[in-house]
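Protein chains get the first letters and strands the later ones, always in sequence-line order, with residue 1 at the start of each.
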Amino acid sequence: MNKTTILLVEDNAILAKMLNEELAEAGFEVLHAYDGEVGLRIAKKEIPSLILLDILLPQMNGFDVLEALKKTKATKKIPVILLTMLGSEKDKERGFSLGATDYIVKSKYALKEIVKKVKKLSTV
Amino acid sequence: MYVENELKKELVAINNFLLELVAALPAGVIVIDSEGSVIVANQVALNLLGKQEIKVREIIDKPIFPIITEINILEKEIQECLRQSRSKMFIPELRITKKDGDVFLAIIGKPIIQGMLIFLEDITHVRKIEEAERMEADFISLASHQLRTPLTSIQWVVERFSKKEKLTMKGKEYLDDINESVKRLTEMVDSLLNLSHIEAGRDGITIESVNVTALIKSFLSEIVPLQDKKELKIIFKEYPPELQTQTDKNVLRNIVQSIISNAIEYTGVGGKIIVSLQINVDTFILKVKDTGIGIPKAERLHVFEKFMRASNAKLYKSDGTGIGLYIAEQATYRLGGKIWFDTEENKGSTFYVELPLSQKLQTL
């Protein structure tokens, strides 16, 4: 059976590793990018089922990546969960206005709760 | 003839008195006629404009524009005022570069009969204090933000470790202790971040339509894990189905979060917190009532002070930042509201926040 592919765009190595392991154990295939530009390139090439996108990224920040994804025909329907340390209402609103499906403040979520959300949104 | 001479003497005396008065003023003054020629000025004005080498007597009856030719905005503003296309001139901040350091001026100009009065005030000291406060707030914001990442890393590694490794009872206990400490640190960092946002965001109010009922419900849904952990009954009752207000959503959320988090923090296991919302004529009141430890009588006046923790709070819980209620108060004032409380030690407290339904900005 084909695994559901998740693209994780996260520049922090430890956070990425933990998410990667947790998602892989939950049965997902995980692609990983450390910066926004590479993340966008992989998204356009691989068309994952869901994208977990950090905001504060090198090269290209998450908001710009999200905007570019939503402007591209091939990627605009992919659900994007913004996964970030930025917790203000303004950042949340900006994320949703750009087309994010969900917004998670990393410091407030356990790994298993994030995987639950990914499972729910990647099957919709 | 005699009367004429006496009148002339009188006029000269009055004129000299006015010139002395202007010369003695601590702020800069320049009076020009409708053509822009200087009628009266003081040395303070010239010094503030960076023209300390020019003496006042050298500019009387001379046009002002050659003196201020490199200060484009001032020249433009004065000309527009003289042409009477404005009823007054106000430059809230003009930066003048001088050899011994930049100076910031606030300049007001008022057309008068056949001319204009220009008033210059040195506000450099005010700008320096604001700059220092901004830098301090930026530092706290950056530090808090940078601290969140490694704290989250520890949290997630502990979660994976608990899941993957075979642990003894003692091992599980140690990991729970680590998790607990990390959560506490994360809460402290969040508080510091909120504090820096409140203290730095003096001009940063964004007014928009906000559904207060929905905002409170959203916050209460986020704290369900914490509520369950302490077996608290948190009830949101007596609220309008939809309370729309014009306000800053982030600042309002800060208030809701600070007040309710404070209630949770100081209410024991199995306790009760009731949140309610009521509309008055042109305000609304958020009320948060808890069955917590209350506040000792002698300390009630200090409750909203920064880093203040009541003596019973310190006994109840040894750690805590003491900035939650300070943030609530500052945020409330920023939105033009009032905050107050009732309390009884060992019985509980009720905090009230009253805010306008429609914002008139509170500038500090």
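Shown here is A/K70, whose NZ atom has more than 12 heavy atoms of other residues, nucleotides or ligands within 6.0 Å. The number of heavy-atom neighbours closer than 6.0 Å to CZ of A/F96, taken from other residues, nucleotides and ligands shown, is above 12. The local environment of NZ in A/K45 is sparse, with at most 12 non-hydrogen atoms from other residues, nucleotides or ligands closer than 6.0 Å.
Put simply, the side chain of B/W156 gets close to the backbone of A/Y109: a donor and an acceptor are under 3.5 Å apart.
Proximity to chain A involves both the backbone and the side chain of B/S153, based on heavy atoms less than 4.5 angstrom apart. B/R148 touches chain A through backbone and side chain together, each having a heavy atom under 4.5 Å away.
Taking 4.5 Å as the limit, every side-chain heavy atom of A/K17 sits out of range of all side-chain heavy atoms of B/R160. For the pair A/K112 and B/K163, the minimum side-chain heavy-atom distance is 4.5 Å or more.
Taken from CG in B/L151 to CE in A/M85, the straight-line distance is 8.0 Å, to the nearest 0.5 Å. The line from CD of A/E25 to NZ of B/K164 is 3.5 Å long, rounded to the nearest 0.5 Å. Here CD of B/Q155 is found 10.0 Å from NZ of A/K108. Values are rounded to the nearest 0.5 Å.
For the set A/N12, A/I14, A/L15, A/L56, the count of heavy-atom pairs under 4.5 angstrom toward chain B peaks at A/L15.
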